[in-house]
2 protein chains.
Amino acid sequence: MSTIKDVAKLANVSIGTVSRFINGYKIKQENSLRIEEAIEQLNFKSNPMARGLRTNKTLTIGVLIPRITDVFCTQVIEGIEEILNPLNYGIVICSANDNLEQQTEKLSYLREKFVDGIIVMPVTSSEFEADEIVNRGIPIVLVDRLVKGYEFDAVICDNVNGAYSAVEMIINKGHRKIAVIGGPEEIFTAQERLTGYLRALNDYNIEVKEEYILHSPYTKNGGIQAINQLLDLEDPPTAIFTTNYPITVNSMKVLMERNLVMGEAISLCGYDQTELFQMFNPPVSVVVQPSREIGIHAAEILLKRMSDDQSRFPHIQRLKTQLIETESVKSMI
Amino acid sequence: MSTIKDVAKLANVSIGTVSRFINGYKIKQENSLRIEEAIEQLNFKSNPMARGLRTNKTLTIGVLIPRITDVFCTQVIEGIEEILNPLNYGIVICSANDNLEQQTEKLSYLREKFVDGIIVMPVTSSEFEADEIVNRGIPIVLVDRLVKGYEFDAVICDNVNGAYSAVEMIINKGHRKIAVIGGPEEIFTAQERLTGYLRALNDYNIEVKEEYILHSPYTKNGGIQAINQLLDLEDPPTAIFTTNYPITVNSMKVLMERNLVMGEAISLCGYDQTELFQMFNPPVSVVVQPSREIGIHAAEILLKRMSDDQSRFPHIQRLKTQLIETESVKSMI
DNA sequence: TTGTAGGCGTTATCAC
DNA sequence: GTGATAACGCCTACAA
């Protein structure tokens with residue numbers, strides 16, 4: 001492997017000049033040409049570790065997500081890549097495996113790796129431990145969820161109005177018995193979505209019934225118990241708003257098992273994962289989050305912070321969701 | 001940020017001793033204790049760049065996949081993480097975005113990042129450019145596909161027998177008019193799956209009909225044209241073997257649009273993505289690849305090569321697939 | 001077992 | 001503009 005020393009020798013200049021050339025400083029054109037040629041000939045690539053040792057920059061950012069197999073997460077990553085790859089940033093991806101302990105672990109792992117910045121989609125909104133990272137001055141941008149106890153830049157969705165639009169649509173189709181399967185009460189997005197549900201009912205003067213409001217863990221099997229509970233009610237709802245992907249999927253599964261046709265016997269509106277849900281018959285109404293854009297914005301904010309621009313901190317950016325309306329919600333009118 | 005120098009001062013030993021302590025060499029217990037305490041107190045973390053500069057190791061491996069939003073890819077990554085994270089390896093993930101040019105680009109990007117090893121799932125089986133990486137002695141392990149022109153370690157699936165088992169099952173259910181929608185002829189896995197199809201027909205003495213063999217690109221919209229073409233045949237097949245995920249998905253979509261019930265009017269057997277396909281009614285028969293295991297094995301082989309164990313090169317490991325049999329293939333008997 | 005010192009490949013600060 | 005040179009933090013002979 002050749003170094004700037006070799007380049008300098010071949011080009012007959014000092015290593016200082018080569019370094020300056022590489023970093024885009026002014027150089028006599030004659031030297032510039034010779035250096036360029038030498039670099040080409042030696043196939044020289046500057047050593048990122050040596051550079052990092054001097055500059056304290058790794059040109060690497062860390063991305064910590066709850067789970068790498070989650071489509072929403074990977075779409076966010078795609079957005080991040082879109083911005084950061086052209087700038088030659090490397091992206092170290094860590095998955096917390098839906099596990100708070102691992103999240104803390106990976107977070108401190110990223111710190112030890114000396115990444116220049118971190119984008120985190122927290123597992124939950126509570127229990128976030130990032131003092132050391134903050135102290136070291138490594139910028140963090142949150143994605144999708146805020147956390148308690150810290151002020152960070154963040155890119156999140158307008159969950160309140162996302163949920164509101166869904167419930168409003170259900171109401172407008174003539175439903176009055178509308179249930180919701182929300183997420184765990186400690187999760188930020190879950191709280192917001194529930195707020196949207198309540199606000200819509202309220203705005204349309206529909207009585208809120210306790211038994212129509214259920215909570216379910218945000219796990220792979222979430223929602224199964226809840227939907228069964230709803231269907232078993234003496235006075236079951238005519239429409240159900242399922243507030244995340246697994247809950248929606250599992251609810252559909254239960255409906256099928258019970259031979260209840262979605263959009264006929266019972267109406268359903270879900271969240272996320274539009275592509276998949278549009279394959280069903282009928283397609284599923286869903287609130288869609290602009291996942292890729294979330295990644296793009298998060299990367300842009302992080303870039304700004306990494307270049308030491310601390311203006312408008314904390315910059316909390318809220319993106320709008322989109323409602324896809326299909327026959328999975330029956331018109332009662 | 002504290003350095004071993006600070007630790008040395010605080011512990012009243014030389015930096016050499018501290019370094020030796022960190023790297024697990026023998027040390028007088030008394031010193032060992034004091035160093036440990038000093039490290040704790042200063043919250044010392046050794047600087048990976050300084051270390052890397054000396055040792056020429058980054059403790060980082062690169063993973064290059066066709067597309068980060070592909071579930072198969074992320075499951076492979078999950079397997080890789082399972083092995084490499086406990087060993088403190090960082091994983092830099094690059095997506096080629098299904099694009100050969102980007103694959104080459106990212107590959108050389110990884111080289112410039114001085115990763116210790118690379119796991120690649122190639123976009124196609126042809127056109128792979130890795131001379132520089134090979135020359136630098138950075139080990140590469142292929143996943144899912146082999147490439148022309150290079151000998152690399154690899155972890156792949158037994159596509160021939162995977163496809164064979166699917167077609168055999170279809171035959172055993174009494175079908176004789178069996179079509180296949182294969183992938184592009186230059187893709188390794190596509191070739192193998194087609195071979196499996198042909199071999200099964202052959203073994204069961206079923207005539208191979210040209211018009212039942214179609215090729216489709218391995219892209220997001222793959223298969224749409226092909227399945228339509230098959231359904232429009234004068235003598236259409238009674239069963240179709242769709243050889244990857246998008247082709248299967250899109251075929252199902254077309255069936256729905258045409259009001260053909262899967263498992264009744266037409267039988268279908270697909271590939272990959274079992275979880276999703278099991279949600280449909282009827283669930284879809286599929287050949288399942290052990291994606292997570294692929295990642296695990298690839299990481300293990302890479303680890304071996306990175307520790308300079310060159311035995312049994314090239315180590316090409318073939319994993320078996322599993323067939324999930326459902327009513328999406330109608331029994332004609 | 002320990003301390004000392006040289007060097008890994010860069011960048012940055014001097015003089016010139 | 002350029003060349004010489006001192007860091008950056010760590011590892012590793014080498015000598016003690």
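Small disclaimer: the values here were computed from a predicted structure and weren't measured. Just so we're on the same page: letters track the sequence lines, and every chain starts at 1. Worth knowing before you read on, the calculation uses all heavy atoms, side chains too, and leaves out hydrogens, waters and symmetry mates.
- Between A:Ile27 atom CD1 and D:dT2 atom C1' there is a gap of 8 Å when expressed in whole angstrom units.
- For residues 1-16 of chain B, no pair satisfies salt bridge (Lys or Arg N to Asp or Glu O under 4.0 Å), with sequence neighbours left out.
- Taking atom CD1 on A:Ile4 and atom C1' on D:dC8, their separation rounds to 14 Å, with Å as the unit.
- A salt bridge links B:Asp98 with B:Arg67; the closest basic N to acidic carboxylate O contact falls under 4.0 Å.
- Residue-level contact check: A:Asn56 touches neither bases nor backbone, having no heavy atom under 4.0 Å from any strand.
- Across all strands, B:Ser19 comes closer than 4.0 Å to base atoms (heavy-atom distances).
- The footprint of chain A on DNA chain C, defined by a heavy-atom cutoff below 4.0 Å, extends from C:dG9 to C:dT13.
- In this structure, A:Lys57 places its NZ atom 16 Å from C1' of D:dG9, rounding to the nearest Å.
- Screening A:Glu30, A:Glu37, A:Glu36 for a salt bridge (charged side-chain N to carboxylate O under 4.0 Å, His left out) involving A:Arg34 leaves a single residue, A:Glu30.
- Between the OH atom of B:Tyr25 and the P atom of D:dC11 there is a distance of 9 Å, rounded to whole Å.
- No donor-acceptor contact under 3.5 angstrom links the side chains of B:Ser307 and B:Asp309, judged on distance only.
- Protein atom CG of B:Asn23 is 9 Å distant from nucleotide atom C1' of D:dC10, rounded to whole Å.
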Please tabulate, for the side chains in residues 15-28 of chain A, all donor-acceptor contacts under 3.5 angstrom to protein atoms that are two or more places apart in sequence or on a different chain.
unit_1: A:Thr17; atom_1: OG1; unit_2: A:Ser14; atom_2: OG; d: 3.2
unit_1: A:Asn23; atom_1: ND2; unit_2: A:Ser19; atom_2: O; d: 2.8

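- Listed nucleotides D:dT2, D:dC10, D:dC8 differ in distance to A:Lys28; the shortest reach to its side chain belongs to D:dT2.
- Scanning all heavy atoms of the two residues, the minimum distance from B:Asp116 to B:Lys57 falls at OD1-CA, 3.5 Å.
- By the 4.5 Å heavy-atom criterion applied to side chains, B:Val120 and B:Phe152 are not counted as neighbours.
- The side-chain tip of B:Arg136 points at the ring of B:Phe114 from less than 6.0 angstrom away and within 45° of straight on.
- Applying side-chain contact (heavy atoms from CB on, under 4.5 Å) to A:Glu81 and the options A:Ile296, A:Val63, A:Ile91 leaves one that passes, A:Ile91.
- B:Phe44 comes within contact range of the sugar-phosphate backbone alone, with a heavy-atom separation under 4.0 Å but no base atom that close.
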Set out, line by line, the N/O atom pairs under 3.5 Å between protein and nucleotides 3-5 of chain D.
unit_1: D:dG3; atom_1: OP2; unit_2: A:Ser14; atom_2: N; d: 2.9
unit_1: D:dG3; atom_1: OP2; unit_2: A:Ser14; atom_2: OG; d: 3.0
unit_1: D:dG3; atom_1: OP2; unit_2: A:Thr17; atom_2: OG1; d: 2.4
unit_1: D:dG3; atom_1: N7; unit_2: A:Arg20; atom_2: NH2; d: 2.9
unit_1: D:dG3; atom_1: O6; unit_2: A:Arg20; atom_2: NH1; d: 3.4

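- Shown here is A:Gln310, whose CD atom has more than 12 heavy atoms of other residues, nucleotides or ligands within 6.0 Å.
- For the helix from C:dT1-D:dA16 to C:dC16-D:dG1, the rotation axes defined at the first and last 5 base pairs enclose an angle of 40°, given to the nearest 10°.
- Across A:Val143 and A:Ala298, no two heavy atoms sit closer than the pair CG2-CB, 3.6 Å.
- With hydrogens and angles ignored, a donor-acceptor pair closer than 3.5 Å exists between the side chain of B:Arg54 and the base of D:dC11.
- Side-chain polar atoms of B:Ser108 and A:Lys45 form no donor-acceptor pair below 3.5 angstrom.
- Counting non-hydrogen atoms of neighbouring residues, nucleotides and ligands closer than 6.0 angstrom, the CD atom of A:Glu186 exceeds 12 such neighbours.
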Criterion salt bridge (Lys or Arg N to Asp or Glu O under 4.0 Å) on A:Lys320 and A:Asp158, from CA distance to verdict: CA-CA 5 Å; A:Lys320 288 296 172 192; A:Asp158 183 344; 2.5 Å; yes
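- Taking a 4.0 Å limit (strictly below) on heavy-atom distances, residues 34-43 of chain B does not reach DNA chain D anywhere.
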